Amino acid sequence: MPAAGGDRSAQAAQAGPLLVACALRIEQVALRSAGRGPLRATGEAPAGAYTLLRTGMGPRAAERAVRRALDRPGTDRAAVLATGFCAGLVPGMSPGDLVVAEETRDPRGTVPCTGTELLAEALARAAPGRTVHTGPLTGSDHVVRGQERAHLRATGAVAVDMESAATLWAAVRGADRPVAAVRVIVDAPEHELVRIGTVRGGISAFRVLRAVLPAFYEWHRSSLLPRR
């Protein structure tokens, strides 16, 4: 009987490689420290693994880096997942909460995400005790504070970051591929970065980001299933 790990590798190969994109070095460190064994990050993304891409900060850097990555041979069926930290927009959110985007938004338009419900369930298993929020994730080219946060919330968005929308926009240009965005809240309406407690919130978010890699892999395998 084939090993379960072999079955997972075959499924991942059939689905195409997984590209996980983050912007910051600290996000990259968190993901790399979690990527051991069958989930180890590698440069070539063999079956059962993934490619970890650090894009740099901001939407322009993210778009450029993702386009270059997807121009490489063997990436035509790649699934793309944007991740890292974000600012929550909904009162009551706390550092360490998770956000699964139903769609990403920026001035160019909206990109629907794949498998949101399955991904949210996988994240709840990977990070028990953490609240998982779902909803629109909006993009910005700067750190959002104060009244601007309330304005974005009024549009229906649940969180904001600088790279997810650009990452997914670049991923779907000229290609039909699974895309998703998962963010860990590092600041929220009652926990803005300028306030005391930022370090504690950052440590909490770092630990959560380290824990959720298995959920990304589960989502990747699910891309074999027919999309609704």
Side-chain angles (χ1 to χ4, degrees), residues 2-22 26-42 45 47-52 78-86 88 90 92-104 112-137 158-159 161 164 167-168 177-186 188 201-228:
D7 292 342
R8 288 195 297 267
S9 295
Q11 287 179 326
Q14 184 178 348
L18 171 61
L19 178 68
V20 176
C22 64
I26 190 171
E27 297 165 342
Q28 181 185 45
V29 169
L31 291 161
R32 278 185 170 170
S33 66
R36 297 171 182 169
L39 301 178
R40 180 176 53 207
T42 70
Y50 68 102
T51 297
L52 178 59
V80 176
L81 189 149
T83 194
F85 304 136
C86 72
V90 180
M93 286 180 160
S94 299
D97 284 2
L98 286 149
V99 173
V100 182
E102 293 176 341
E103 63 185 29
T104 58
C113 294
T114 310
T116 299
E117 183 176 349
L118 182 146
L119 184 50
E121 292 172 354
L123 288 165
R125 290 190 293 271
R130 296 293 180 176
T131 301
V132 181
H133 306 269
T134 60
L137 176 62
V158 297
D161 77 277
S164 292
T167 294
L168 269 55
R177 66 175 85 246
V179 293
V182 173
R183 291 278 166 172
V184 183
I185 293 174
V186 73
I203 292 172
S204 176
F206 181 89
R207 288 173 175 168
V208 172
L209 190 57
R210 286 189 62 188
V212 297
L213 191 59
F216 298 172
Y217 192 56
E218 187 173 342
W219 171 82
H220 179 219
R221 295 201 321 267
S222 79
S223 63
L224 282 170
L225 302 174
R227 279 188 264 169
R228 296 178 181 177

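Source: prediction; values computed, not measured. Hydrogens, waters and symmetry mates are skipped; everything else that's a heavy atom, side chains included, is used.
Taking 4.5 Å as the limit, some side-chain heavy atom of Leu31 sits within range of a side-chain heavy atom of Phe216. Side-chain contact check for Tyr50 versus Leu213: some heavy-atom pair is nearer than 4.5 Å. Side-chain contact between Val29 and Phe206 is present, with heavy atoms from C-beta onward closer than 4.5 Å. Here the side chains of Arg177 and Val179 are in contact, with some heavy-atom distance below 4.5 Å. Using a 4.5 Å heavy-atom cutoff, the side chains of Met93 and Val158 are in contact.
For Glu103, the salt bridge (Lys or Arg N to Asp or Glu O under 4.0 Å) partners are Arg105, not counting sequence neighbours. Residues that satisfy the side-chain contact (heavy atoms from CB on, under 4.5 Å) test with Ala159, not counting sequence neighbours, are Cys86, Val99, Leu137. Glu102 pairs by the side-chain hydrogen bond (donor to acceptor under 3.5 Å, both in side chains) definition with nothing, not counting sequence neighbours.
Of all heavy-atom pairs spanning Pro178 and Thr114, the tightest one is CA-OG1, 3.5 Å. For the pair Ser222 and Leu118, the tightest heavy-atom approach, listed with the atom from each and the gap, is CB-CD1, 3.7 Å. A pairwise comparison of heavy atoms in Thr104 and Ala181 identifies CG2-CB, 4.1 Å as the closest pair. When all heavy atoms of Ser33 and Arg210 are compared, the pair lying nearest together is OG-NE, 3.0 Å. In terms of heavy atoms, Val182 sits closest to Thr83 at O-OG1, 2.8 Å. A pairwise comparison of heavy atoms in Trp219 and Ala180 identifies CZ2-CB, 3.5 Å as the closest pair.
Expressed to the nearest 0.5 Å, how far NE2 of His220 lies from CG of Leu19 amounts to 10.0 Å. Rounding to the nearest 0.5 angstrom, the gap separating the CG atom in Leu209 from the SG atom in Cys22 is 7.5 Å.
Residue pairs meeting the salt bridge (Lys or Arg N to Asp or Glu O under 4.0 Å) criterion with at least one member in residues 118-127, sequence neighbours excluded, are Arg125-Glu218.
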Output side-chain donor-acceptor pairs under 3.5 Å for residues 126-134, partner residues at least two apart or in another chain, one line each.
| unit_1 | atom_1 | unit_2 | atom_2 | d |
| --- | --- | --- | --- | --- |
| Arg130 | NH1 | Ser204 | OG | 3.2 |
| Arg130 | NH2 | Ser204 | OG | 3.3 |
| His133 | NE2 | Asp97 | OD2 | 2.9 |

